[in-house]
Amino acid sequence: MAAGAVAMLAAGLLAVAAPAAAQTQGGTQPQQDPRRQGSGAKVTTETDPEDRTSRTDAERVHDSYQPRGVDLGSFLVLPRLEIDGQYNSNLFATERDERGDFLSVIRPELRLRSRFREHAINLSLLAEQYLHRRYSQDNRTELQLEADGRYDISRETQANYFGQLFSRHEDRGSPDDIQGEEPTPTQGMVNRGGLKHQFGRYTVQGEVGLDRRTFGEVDTALGTSISNSDRDRWEMLGRLRGSYEIFPGYAAVTEVSANTRRYDDSSDRNGFNRDSHGYRVETGIGVDLSQLVRGDFLVGYFSQDYQDNRFSDPSGVSMRATFNWTPSTLTIVVPSLERSVNETTRRGVSSMVRNSASLTIRHELERNIVLTGFGSVSYDQFEGVDDMNAWTYEARARAIYAFTPEIYTGGEIGYRDKRSERAGDSYQQTVFMLRLGLQY
């Protein structure tokens, strides 16, 4: 049913966009800021350089190493197949009795990209199959369908949409992982719709969202089953952002957002009602200095109010800062800070307030070689419990090498160290990965 909804929405976007669209040549990537086109490496022009996953690395090498795709007039079909070999030193993310394992990941993907002069619509279908050498109970298949589109109402006004359907499994290192015989399955959908309008020095953006998340049952080592249905929920959000260009390259920014989180069950397994609503109000500076720095620095206040009066309601100073700094035409540096409220179902805990800082550095060594380094530190505060807070340190280094537009390889080394105040919640984990990719 959810898949049908996304498919219908994507078809609707296509129907709206197609009549006004005209075919252009080439261009398999999303539209870039024209001030940055041709100004340097591809990594300095990407729209989301903070992305810390390796799955999109193949799209970061030079245009001459990008796939041709199958020409369908105003669209390109871009098939891709990746095969990973991995080693995880602590597969179950445990403090003691660490168990390592080798695994293979097979990842086919099919993408559809529009090539319109105006408007845009993109679809992608991704499947991932995880095959473990020793612990086959962790074998799993994950699916993801995405649709995004943009409708250019005028030069000053744009409407956009992003939708995602997913079926995946919770990470073994998640705070809510119950150490079942297999990872906890989770399914859901994400919907985001927005409108952006610019008039003179003012820019106004609005966004609404509706998300659905469900969690499956898992077996334990004792032969019993644990239901996770008390985690099933809807999340609704709204966001309004306004900015005023004080002078070229600098803008005053104010952003207000609100959310409502509604659980299917009136109480969880421990008898708590986890329904809540909250808001954030932030203001600060937006920077866009052409080919040097882009980003925001926002400070404000957040509050999340839980319906169960036994819960501690988190509130306090909020902060969000992300800057894309291009010290050279081949390198981008992305520092980031954020304080956010995340859901959890740990006993007696209303929520998890995460304070995080990260740094991403990406460099085009050659047109067909891109290097990425990522480091982060986060401090998780579990509201309502005094002995569960945790520091987590993470570092990753990876490289992508394209032999031709059709063949590439990559590798990654990652390390994570979680240090919790609660005994048994800490762990260390090292991951090695090698990848072979084929695309057309």
Side-chain angles (χ1 to χ4, degrees), residues 3-49 51 55-56 58-80 109-126 144-165 189-199 203-209 241 288 290 294 324 405-406 439-440:
V6 169
M8 289 177 64
L9 208 44
L13 280 168
L14 180 57
V16 170
Q23 180 180 347
T24 60
Q25 298 301 317
T28 65
Q29 303 301 310
Q31 186 177 3
Q32 298 170 349
D33 186 337
R35 294 171 302 173
R36 304 175 190 281
Q37 291 180 351
S39 64
K42 195 176 185 68
V43 297
T44 66
T45 63
E46 59 184 325
T47 57
D48 186 19
D51 174 25
R55 194 169 62 82
T56 56
E59 300 168 27
R60 293 184 166 116
V61 295
H62 191 268
D63 283 339
S64 59
Y65 288 89
Q66 293 300 315
R68 294 188 297 269
V70 179
D71 193 339
L72 294 180
S74 295
F75 292 90
L76 281 179
V77 176
L78 299 159
R80 177 188 294 170
E109 183 178 13
L110 189 64
R111 295 173 293 153
L112 180 70
R113 295 287 181 263
S114 64
R115 299 189 292 175
F116 306 148
R117 292 189 186 277
E118 296 180 301
H119 321 305
I121 183 167
N122 305 299
L123 302 173
S124 67
L125 177 62
L126 171 73
Q144 178 176 290
L145 172 65
E146 287 186 352
D148 68 84
R150 186 192 74 251
Y151 184 75
D152 301 314
I153 301 172
S154 68
R155 289 185 59 185
E156 297 80 19
T157 309
Q158 294 179 342
N160 57 75
Y161 170 78
F162 171 81
Q164 182 188 88
L165 288 172
M189 65 177 181
V190 176
N191 292 280
R192 297 284 185 275
L195 191 67
K196 178 181 178 181
H197 179 68
Q198 183 174 353
F199 49 102
T203 301
V204 178
Q205 294 175 261
E207 182 184 67
V208 293
R241 175 188 173 101
D288 189 353
S290 188
R294 292 171 288 166
N324 304 337
E406 296 79 24
Q439 59 185 3
Y440 181 78

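Residue numbers count from 1 along this sequence. As the structure is a computational prediction, the values presented were derived from the model and not from experiment.
For E59 and K42, the salt-bridge test fails: no basic side-chain N is under 4.0 Å from an acidic carboxylate O. Residues E406 and R80 are not paired through a salt bridge, judged by the lack of any N-O separation under 4.0 Å between the basic side chain and the carboxylate.
When side chains are defined from C-beta on, L145 does not count as touching Q164, because their heavy atoms never get closer than 4.5 Å. Side-chain atoms of L195 and I153, non-hydrogen and from C-beta on, do get closer than 4.5 Å to each other. Residues Y440 and P67 fail the side-chain proximity criterion, which asks for heavy atoms closer than 4.5 Å. Between E118 and Y151 there is no side-chain heavy-atom pair separated by less than 4.5 Å. Side-chain contact between L126 and R111: absent, with no pair of heavy atoms (C-beta onward) separated by less than 4.5 Å.
Interatomic distance, L76 CG to N122 CG, rounded to the nearest 0.5 Å: 10.5 Å. To the nearest 0.5 Å, atom CD of residue Q198 and atom OG of residue S154 are 10.0 Å apart. The distance from the CZ atom of F199 to the OG1 atom of T157 is 9.5 Å, given to the nearest 0.5 Å. Atom CG in N191 sits 8.0 Å away from atom CG in L165 (nearest 0.5 Å). Remark: L72 CG to R115 CZ distance equals 8.5 Å, nearest 0.5 Å. Put simply, CZ on R117 and CG on D152 are 13.5 Å apart, with the number rounded to the nearest 0.5 Å.
Taking each heavy atom of P405 and S64 in turn, the nearest pair found is CG-O, 3.5 Å. Heavy-atom minimum distance, T44 versus R294: O-NH2, 3.5 Å.
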Could you go step by step and tell me if H119 and S114 meet the side chain to side chain contact (heavy atoms under 4.5 Å, CB included) rule? CA-CA 9 Å; H119 321 305; S114 64; over 6 Å; no

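A side chain to side chain contact (heavy atoms under 4.5 Å, CB included) with L123 holds for exactly one of L112, D148, V77, L110; it is L112. The only member of R150, E156, E207, Q205 that meets side chain to side chain contact (heavy atoms under 4.5 Å, CB included) when paired with K196 is Q205.
F116 and F75 have perpendicular rings, their planes meeting at more than 60° on a 0 to 90° scale where under 30° would count as parallel.
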